[in-house]
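Written below as structure tokens is the structure these notes are about.
Because only heavy atoms are used, hydrogens play no part in the values below, and waters and symmetry mates are left out as well, while side chains stay in. Chain identifiers are assigned alphabetically (A, B, ...) following the order of the sequence lines, protein sequences preceding nucleic acid strands; residue numbering begins at 1 within each chain.
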2 protein chains.
Amino acid sequence: MVNKNYIIRLSNYRHALNRFKTLGFIKVFSDNLADATGVTSSQVRKDFSIFGISGNKKGGYQVELLLERLNDILGKDRLQRVIIVGAGKIGKALINYKGFEKDGIKVVAAFDVNTADRVPVEIDVPVYPLEKLKNYVKKNNIEIGVIAVPDNAAQGVMDLLVESGIKGVLNFAPIRLRSDTDTIINNVDLRSELENLVYFVNATGKSKARNNDKGKKNREEQ
Amino acid sequence: MVNKNYIIRLSNYRHALNRFKTLGFIKVFSDNLADATGVTSSQVRKDFSIFGISGNKKGGYQVELLLERLNDILGKDRLQRVIIVGAGKIGKALINYKGFEKDGIKVVAAFDVNTADRVPVEIDVPVYPLEKLKNYVKKNNIEIGVIAVPDNAAQGVMDLLVESGIKGVLNFAPIRLRSDTDTIINNVDLRSELENLVYFVNATGKSKARNNDKGKKNREEQ
DNA sequence: AACATTTTGTGAATTTTATCACAAAATATT
DNA sequence: AATATTTTGTGATAAAATTCACAAAATGTT
């Protein structure tokens, strides 16, 4: 069963590959990708096996071909348009972040209850009042929305997004959103990440090690 | 072996408990916490069992006592001071975010190569030039740092933080940081989160379900 | 062209994580 | 005070994820 962890790893392989490509690599081996992403080489091969990706025995994988295959799996063939709800601190940071574009993700609009004093200055992403969200999403066939509003507004926004027909939500509010549809919810909980660090920092030296895929020191995560 | 996932769940239980407390609850049952955090009740009990937390058969758990216990485990007894490196978009958002304080996390300073045009306006967190970081960390015994600089600067900042004696790092740069010390690194990779959504949104209806702890729709995560 | 070396691909084994299921305890009910 | 009900706590079990390990294939070497 393919789940989030597989996709995160594929995404990591893809990014490592892009770097290898920049460096002029023509082929890579599973242990190059393993080193670059912090997993074992058998993990890399197993993942590829699951997605039907194959290389050459002794010859490794052709960078170009492998990238194509990963791009295909990850839906990188077309630009993914995303909207952001909440043009506060986090919303603004996301709106102005240019790094997504090279990964095929484009913030096309933002929505906020208070558009007046929240217009981001640097980039030409329009900020609309919340009332226009539903219409915009339907008209433009937006599939992914980011929730960057305060806790107490988050569920309301979630309901609005679901009602508008959105398919996936990235939630920055530190609460558990509910939806009875099959809308996909990913959470980014910075508070939790920091609390986590606090715990392990305090535990350092008390031999409370941590070593699963997410916890292992020096391992990727996302 | 206690790892990140345990701590994330404990952190979630703690937050649910705080809400229950606000609502006037005196006691809770494992399935209240399960509902609130999106896990099973046996998971809640198993987690508690691992941390030696016990309740009363039939009586559930005393909210107040349980909170104390969780606060203790999660190191919530004292304020955790954190520094932020990089006063760009994300750095600024974190600096100005007030939500952490109620969870005992305080941003005490920020550092940036370019302090001039990057001073955050709203809150009185000082922004120092990068050269002052090492000294500041040592002098103030800072344990946790947040990396919010561009990719290409991230490893350099990481090295600097490690050299300064920092114990835990929350990394927003979408690369795998390396350190030969046992500094703990947690990554927040928004690009990866969005790519993940793209995959599952595209897969919707193609019966590519996802159902592990992180992937299950409507489940908490971080 | 034979032999050595490297690397994939994948079943099997192992480890980790989560769920089940039920005895024991606490509370409620009659 | 006896009986019924509820909920914990945890071994046993199941499921999931990862690693192992090795045959097979591709490439390199003598």
Side-chain angles (χ1 to χ4, degrees), chain A residues 1-10 12-13 17 20 25-63 65-66 69-70 208-216 219-222, chain B residues 1-10 12-13 17 20 25-63 65-66 69-70 208-216 218-221:
Chain A
M1 176 80 69
V2 174
N3 65 39
K4 188 172 174 181
N5 295 319
Y6 287 93
I7 303 307
I8 284 173
R9 285 199 303 268
L10 289 196
N12 289 339
Y13 302 150
L17 271 172
F20 284 130
F25 282 50
I26 298 300
K27 58 185 186 182
V28 287
F29 303 114
S30 57
D31 66 332
N32 300 140
L33 290 169
D35 283 354
T37 58
V39 298
T40 63
S41 63
S42 57
Q43 177 88 78
V44 174
R45 296 197 301 276
K46 189 65 123 189
D47 286 342
F48 286 178
S49 158
I50 281 159
F51 285 93
I53 295 172
S54 58
N56 294 35
K57 295 194 172 157
K58 174 113 192 197
Y61 306 84
Q62 299 286 321
V63 171
L65 262 58
L66 184 51
R69 196 75 190 78
L70 289 176
K208 285 186 199 163
R210 54 178 209 158
N211 73 343
N212 84 324
D213 69 330
K214 309 214 71 220
K216 197 172 291 177
R219 291 281 291 278
E220 294 274 330
E221 148 187 336
Q222 295 88 15
Chain B
M1 176 81 67
V2 173
N3 65 40
K4 188 171 172 180
N5 295 320
Y6 286 93
I7 304 306
I8 284 172
R9 286 199 301 268
L10 289 196
N12 289 339
Y13 301 151
L17 270 172
F20 284 130
F25 281 51
I26 298 300
K27 58 184 185 182
V28 286
F29 302 114
S30 57
D31 66 330
N32 301 139
L33 290 169
D35 282 355
T37 58
V39 297
T40 63
S41 62
S42 56
Q43 176 88 76
V44 174
R45 296 198 300 277
K46 189 63 119 188
D47 286 341
F48 286 178
S49 158
I50 280 158
F51 285 93
I53 295 172
S54 58
N56 294 32
K57 295 194 172 157
K58 173 112 197 201
Y61 306 84
Q62 298 287 320
V63 171
L65 262 58
L66 185 51
R69 195 76 190 76
L70 289 177
K208 286 186 199 163
R210 52 176 211 162
N211 72 343
N212 84 325
D213 68 330
K214 308 214 71 216
K216 196 172 290 176
N218 282 349
R219 292 280 291 278
E220 293 274 328
E221 159 183 334

*asked:* I need the NZ-P distance between B:Lys46 and C:dT19, as an integer number of Å.
replied: 11 Å
Show me the protein contacts with nucleotides 22-26 of chain C, counting only N or O atoms at under 3.5 Å.
from: C:dA26; atom 1: O4'; to: B:Lys57; atom 2: O; distance (Å): 3.0

*Between A:Ile7 and A:Val2, what is the shortest heavy-atom contact and its length?*
CD1-CG1, 3.9 Å
*Report yes if the side chains of A:Leu66 and A:Phe48 come closer than 4.5 Å at any heavy-atom pair, otherwise no.*
yes
*Between A:Gln43 and D:dT19, does any side-chain N or O lie under 4.0 Å from OP1 or OP2?*
yes
*Mind calculating the distance between CD1 (A:Ile8) and P (D:dA17) to the nearest angstrom?*
12 Å
_If you only use heavy atoms from C-beta on, which nucleotide in C:dT8, C:dT17, C:dT10 is closest to the side chain of A:Phe29?_
C:dT8
*Counting side-chain heavy atoms from CB outward, which of C:dT19, D:dT8, D:dT18 is closest to B:Tyr61?*
D:dT8
_Both B:Val28 and A:Asp47 contact DNA chain D. Which one's nearest nucleotide lies toward the 5' end?_
B:Val28
*Please state how far atom OH in A:Tyr6 lies from atom C1' in D:dA17, giving the value in whole angstrom units.*
6 Å
_Short side-chain N/O contact to C:dA18 OP1/OP2 from B:Thr40, under 4.0 Å_ = no
*Can you tell me the distance, in whole Å, between the CZ atom of B:Phe51 and the C1' atom of D:dT8?*
18 Å
*Identify, with sequence neighbours excluded, every residue that meets side chain to side chain contact (heavy atoms under 4.5 Å, CB included) alongside A:Phe29.*
A:Lys27, A:Asp31, A:Asn32
*What residue pairs, at least two apart or across chains, pass salt bridge (charged side-chain N to carboxylate O under 4.0 Å, His left out) with a residue in residues 45-60 of chain B?*
B:Arg9-B:Asp47
*Ignoring backbone atoms, establish whether A:Asn5 has a side-chain N or O less than 4.0 Å from OP1 or OP2 of D:dA16.*
no
*Could you state the CD1-P distance from A:Ile7 to D:dA17, rounded to the nearest angstrom?*
12 Å
